[in-house]
Each structure stands twice: as structure tokens, then as C-alpha cells.
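I have placed the structure first, in the form of C-alpha cells, so that the comments after it can refer back to it.
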Amino acid sequence: MKFGVVVFPGSNCDADCYHVVKEVMNQQVEYIWHKENTVDGFDALILPGGFSYGDYLRTGSIARFSPIMPSVIDFADRGGLVIGICNGFQILLEAGLLPGAMLRNSSLKFICKSVYLKINRADTPFTNRLKVDHVIRIPIAHGEGNYFCDENTLQSLKDNGQILFSYCGADGEESPEFNPNGSLANIAGISNLKGNILGMMPHPERCSEEILGGRDGFYIFDSMINWLKEVGK
Amino acid sequence: MLKANIYVTLKNGVLDPQGEAVKKSLKVLDYGQVEEVRIGKFIEVWLEGDDRESALKELEEMSDKLLANPVIEDYRVEIVEVN
């Protein structure tokens, strides 16, 4: 499988994603500079975390108009796997590939810590190596991860099973005290209706090896690879 | 040359943690009468030409596309100066 890591000016988790795909998952991977205008030949795309364009105006709002983005949108429209992590999630929201928007964390603080996530679906390209209701531990690092959408959108996210990850306690308790940033419905990650696009605030690339204190993130990349193998490119 | 002021504000019902924090700070400064604070953006744009009508149309397009996010924000455009 060949992964592409899209690099925007200000991306800073691109090398981590590249490392995990290449050294941990043993797959092919290439960086894609934001000024490129094709994603031909890639099986999956990663929009990494960071502070693209310095978070100017709104997080992700300027990266969303980078020259590479029409190809990313086209790739996603054709059913290609796209995962946006942290700033990558914010860019997917701004691009309209996922519904909703990010607000500043309710605490106004930049939060950098490991959190627990509950798995709500295990039949998706991104979670098929996990189990429903299992709890995984993945770090977050963001100032604007407070997911917001209108009531109808939230209802349709719930009805269509698009909330793949919810912030929770160590035993899976989904209460406000385990919500680090004020996100609606403890949302940590959502997919599009078709299921081929995932946006998540936590950083799976920061916990895919034991040496980093945990490897729960590994299963998200492994799910993508497994899905690409099973369902075909 | 035209100059426009664009006011981008959070929609009603969208929580504003920044506004909340500033409100608390104003309370600390003893401005007890403050009931609510909401923070938005003020954007100034200078444009070539002097056709206000087409400029307004363009500015609204810019706001829809980039300057504001319709999921969480409203905007208002006013053209203030013509030289």
C-alpha cells in the first residue's frame, strides 16, 4: 500500500506519520507538498497535525485552499481513504469533506495529554482492527478541538453511526468530566457518510510503538491497511 | 478604490469561550454590570475600482468562501469609503 502524507506550511506531525507508515507498518509512503496538484498512485492520504498557515483566520481555513486540495477532494469523492489528524481534521472540516467546525477549547487552554477514547464502530476502514465499546488511549495536543455542529447535523451523525470515537473515562464512561475540550457529544472523531474519510483530534501516530508508551494508535493504521487489502484498492 | 469593513461574529447559540474568559476578567475589574461578552473579527479590505454593487457581491462571495465559516459564524459587509 502506498500512503501519501500531505505537507502544508506549518504541518509538524508529518514526519511522525511518515515514520509510522514506513517503519512501523512497513508500507510505502511519500510526502506530498501542498503545492503539488495530483495524488495519483496513492492508496490512502494522511493530512497530518500541526499549525498550517499559523492557524491564521481559522484553523485549517487557508490550507483548505492549497493547490493540492482539489486533488484530495477528488480522491475522497472517488472513495479513497483519507485520514485527517488534529489540524488535518480541522482542514477536512473547512474543506467541507466532513460536517461541522472547530471552536476554541472550552477551557481556553492548549491541552496536551493522553485521553481515553471509546470505539463506537468496528466495521469501518479505520476501526476494523478494534472492537466496539473497547477503550483505547491516545494523546491529544490542541487548542481548538471543541467540535461543533448544528442539532440536525449532530442527530444525523448519531443516526448514521459517523461518530467513530468518543472521549470517555478509562472504563468507557462517556460523561462531561472526560470531555477535554467541550466537544459536542464528547466527539473525538467522525467519518463522512460513505465512511472513507476520518477526522480525529487525537494523534494515533504518537502512540503506535511500545517505546512511546503505548501502541493503540497502531490499530487505526493497521485497520486502514487491512481494509485496503480486503476491500481492494 | 473602495474600502470595506467586514464584521465576522459567532452565530447565536455558539459558545464563545474567549468571550466568557473576557467577561470573567471584566468582572474581576469590578465591572459587575457586564452580562455577556462575545468576540468576533473585524476585517478591512481595500479593493480596486469604484463599482459598489459588484464590490459588495464579490465581498460576500469572499466571506462565504473564506473569511467566515457559515457553520459557526455570521458576517456583515459594509463599504465605507470611496476615493
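Reminder, nothing fancy here: chain letters follow the sequence lines and each chain counts from 1.
The structure places CD of Glu20(B) at 9.5 Å from CG of Leu108(A), a figure rounded to the nearest 0.5 Å.
More than 12 heavy atoms of other residues, nucleotides or ligands shown are found within 6.0 angstrom of CD1 on Ile39(B). The neighbour count for Lys57(B) NZ, taken as heavy atoms of other residues, nucleotides or ligands under 6.0 Å away, does not exceed 12. More than 12 heavy-atom neighbours from other residues, nucleotides or ligands sit within 6.0 angstrom of CZ on Phe42(B). Other residues, nucleotides and ligands contribute over 12 non-hydrogen atoms within 6.0 Å of the CD atom of Glu44(B). Counting non-hydrogen atoms of neighbouring residues, nucleotides and ligands closer than 6.0 angstrom, the CD atom of Glu48(B) reaches no more than 12 such neighbours. For Tyr56(A), the OH atom counts as loosely surrounded, since its 6.0 Å shell holds 12 or fewer non-hydrogen atoms of other residues, nucleotides or ligands. Heavy-atom contacts from other residues, nucleotides or ligands closer than 6.0 Å to CG of Asp159(A) number more than 12. Within 6.0 Å of NZ in Lys109(A) there are 12 or fewer heavy atoms belonging to other residues, nucleotides or ligands.
Smallest separation of non-hydrogen atoms from Leu57(A) and Leu66(B): CD2-O, 3.2 Å. Summarising the geometry of Ser106(A) relative to Pro17(B), their closest heavy-atom pair is O-CB, 3.8 Å, with the distance given to 0.1 Å.
The candidate with the highest count of non-hydrogen atom pairs below 4.5 Å against chain B, out of Cys149(A), Ser107(A), Gly100(A), is Gly100(A).
Identified by a heavy-atom distance below 4.5 Å to chain A, the contributing residues of residues 68-75 of chain B are Ala68(B), Asn69(B), Val71(B), Ile72(B), Glu73(B), in residue-number order.
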